[in-house]
Number of protein chains: 2
Amino acid sequence: MRIIKNEDLKQRFIAEWSYDRQFSFDIAQVAQLYLFPAKSIIVQAPDRPRDLLYLVKGKTKLYDTLANGKVALIDFFTPPCFIGEMELLDPKSPSFTVQAIEDCWCLALPMAEYQQKLLQDTTFLRSVCQYLGRKNSRNIRTSSQNQAFTLSQRLAGFILLTANDEMYEEKHTQVAQYLGVSYRHLLYVLADFVKLGYLEKVGHHYRVVQPDSLARLAREVDWKTGSTEK
Amino acid sequence: MRIIKNEDLKQRFIAEWSYDRQFSFDIAQVAQLYLFPAKSIIVQAPDRPRDLLYLVKGKTKLYDTLANGKVALIDFFTPPCFIGEMELLDPKSPSFTVQAIEDCWCLALPMAEYQQKLLQDTTFLRSVCQYLGRKNSRNIRTSSQNQAFTLSQRLAGFILLTANDEMYEEKHTQVAQYLGVSYRHLLYVLADFVKLGYLEKVGHHYRVVQPDSLARLAREVDWKTGSTEK
DNA sequence: CCTCAAGTATGAGATTTCTCATACTTACCT
DNA sequence: AGGTAAGTATGAGAAATCTCATACTTGAGG
């Protein structure tokens, strides 16, 4: 992770998502701009995050570590999106691992220093409530809809979401579990995409060669295109 | 809806879910206890709810009215659970229809009178944040897991959740959409349950005759057994 | 009274997806 | 070096689920 000392860029991100309006005090001066390179770990469970982050650019994925030690993919985040807000608000909340899919820019506020202040800040609390509420509505709606689509359609969207730099490199076992299908079937459909020319196999990974075809397939799926609607 | 003037019962419900600890002021005296009879409408979209409710006993379901006028089943709530919290917090949030599945008891706080106070109450706001965050974790986890189960298993759980007084009376069209399966297939599985003796057809409805068998089938499904874990 | 929309109901054949069996490879542990 | 766990890979048959076609019933509106 790198701290980006570019005041101008920082202010642009703040303005783009009205970050400053989510606090009752002047945040623009104290927040720092971080850059997490693609594939780097943003939060490593079970460590608690050091900062309250606000994702302003990039895509991330969230993993849970199961009781048996296995790692399960559970969700994706795109801007605008808080990271670490549950840990800030709920001391008992478990924490999850968050990884950058592509380069991710975040506005960061050190928790140790600001936790007490934030827990007393009604502007901030109301804004988090709205954020969580909208995320909820989205989840509820999409989860019951997504089941209705065939794996090809959901996988197409999934590949576009998780590919970085034209390369799709997710672990099949995790993806099968996330998409709720068998490992076997996932491989069939992947092989199909290769046969159709949408993907090209490179070692154990795949190169996206026809993003448009995938997009056409995924078109109807109300995919996680934003943590809340923009 | 009836207002229940039973101070003793009210206090018991408050204690059972630590309702009073979610506010910084003394709520026990001003909250009223409501009883919504089975099948009655608790909140009717697009009207905004008059009170902030807290479900302490009973089960409810939530509907969305689609653009085309159709009604879609989208979620279920069980105690403890706020109803109307999004409308209180987010003036722009759409509102949904909430219906009692069985008799439902709610603690009620008139919004007009308390909205301003609640929006300034950090204890309340933090508690709603935690509540929403946990609901989120639950949704995320269950939604990606549920797909992995067969319709028989999910339907078994669904029937147990939505039946009232041993009668299952949901509309097949809505259920098929909610469970993400075709109408046709839903009817096949329902017919199967009848053949197996789990259900008994009564007109267009079904009587649950072997709840245990259904429970066994549903056992593994991490069903919505609570809005947050108790 | 007629018509239309929505919900219910059932059959038949086509697709999607699953389970199980079996191998090969890689990383890590001892 | 040997062993084990995890991930990858593929085949074959079975089960789950879908699409389409077709009817019947009921309630609301003209």
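Per chain, numbering begins at 1; letters A, B, ... match sequence-line order.
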Enquirer: So if I take every side-chain heavy atom of V181(B) and compare against dT19(D), dC18(C), dC18(D), which nucleotide ends up nearest?
Expert: dC18(D)
Enquirer: Please report, rounded to the nearest Å, how far the P atom of dA16(D) is from the CG atom of L217(B).
Expert: 11 Å
Enquirer: Take atom CZ of F149(B) and atom C1' of dT17(D), then tell me their distance rounded to the nearest Å.
Expert: 18 Å
Enquirer: Which whole-number value in Å describes the distance from L187(B) CG to dC24(D) P?
Expert: 17 Å
Enquirer: Measure from CG on L179(A) to P on dT16(C) and round the result to the nearest Å.
Expert: 16 Å
Enquirer: Take the protein atom CG of L73(A) and the nucleotide atom C1' of dG7(D), then report the distance between them rounded to whole Å.
Expert: 16 Å
Enquirer: Among the nucleotides dC18(D), dT8(C), dT8(D), which one has an atom lying closest to any side-chain atom of Y183(B)?
Expert: dT8(C)
Enquirer: Quickly work out the D192(B) CG to dT10(C) C1' distance and round it to whole Å.
Expert: 14 Å
Enquirer: Is the phosphate of dT17(D) approached by T150(B) (side-chain N or O, under 4.0 Å from OP1 or OP2)?
Expert: yes
Enquirer: Checking contacts here: which listed nucleotide (dG11(D), dA9(D), dT17(C)) is nearest the side-chain heavy atoms of R184(A)?
Expert: dG11(D)
Enquirer: Checking all strands, does H204(A) fall into the base, sugar-phosphate, or nothing category for heavy-atom contacts under 4.0 angstrom?
Expert: sugar-phosphate
Enquirer: OP1 or OP2 of dT16(C) versus the side-chain N and O atoms of H185(A): is any pair under 4.0 Å?
Expert: no
Enquirer: Is any side-chain heavy atom of K201(A) closer than 4.5 Å to one of L190(A)?
Expert: no
Enquirer: For the side-chain hydrogen bond (donor to acceptor under 3.5 Å, both in side chains) test, which of R207(A), K39(A), H204(A) pairs with E169(A)?
Expert: K39(A)
Enquirer: Can you tell me the distance, in whole Å, between the CG atom of L186(B) and the P atom of dT10(C)?
Expert: 12 Å
Enquirer: dT16(C) P sits how many Å from F193(A) CZ, rounded?
Expert: 11 Å
Enquirer: Between K57(B) and E16(B), does any NZ, NE, NH1 or NH2 come within less than 4.0 Å of an OD or OE carboxylate oxygen?
Expert: no
Enquirer: Name the closest nucleotide to the L151(A) side chain, picking from dT10(D), dT17(C), dC18(C).
Expert: dT17(C)
Enquirer: Closest nucleotide of DNA chain C for V189(A) versus for H205(B): which of these residues is on the 5' side?
Expert: H205(B)
Enquirer: Of G203(A) and Y188(A), whose nearest nucleotide on DNA chain D comes first from the 5' end?
Expert: G203(A)
Enquirer: Which one of F82(A), Y34(A), F77(A) satisfies the ring-ring contact (aromatic ring centres under 6.0 Å, His included) criterion with Y54(A)?
Expert: F82(A)
Enquirer: Look at the side chain of K201(A) and decide which nucleotide, out of dT17(C), dA9(D), dG11(C), has an atom nearest to it.
Expert: dA9(D)
Enquirer: Provide the closest heavy-atom pair for L89(B) versus P91(B) in the form atom of the first, atom of the second, distance.
Expert: O-CD, 3.5 Å
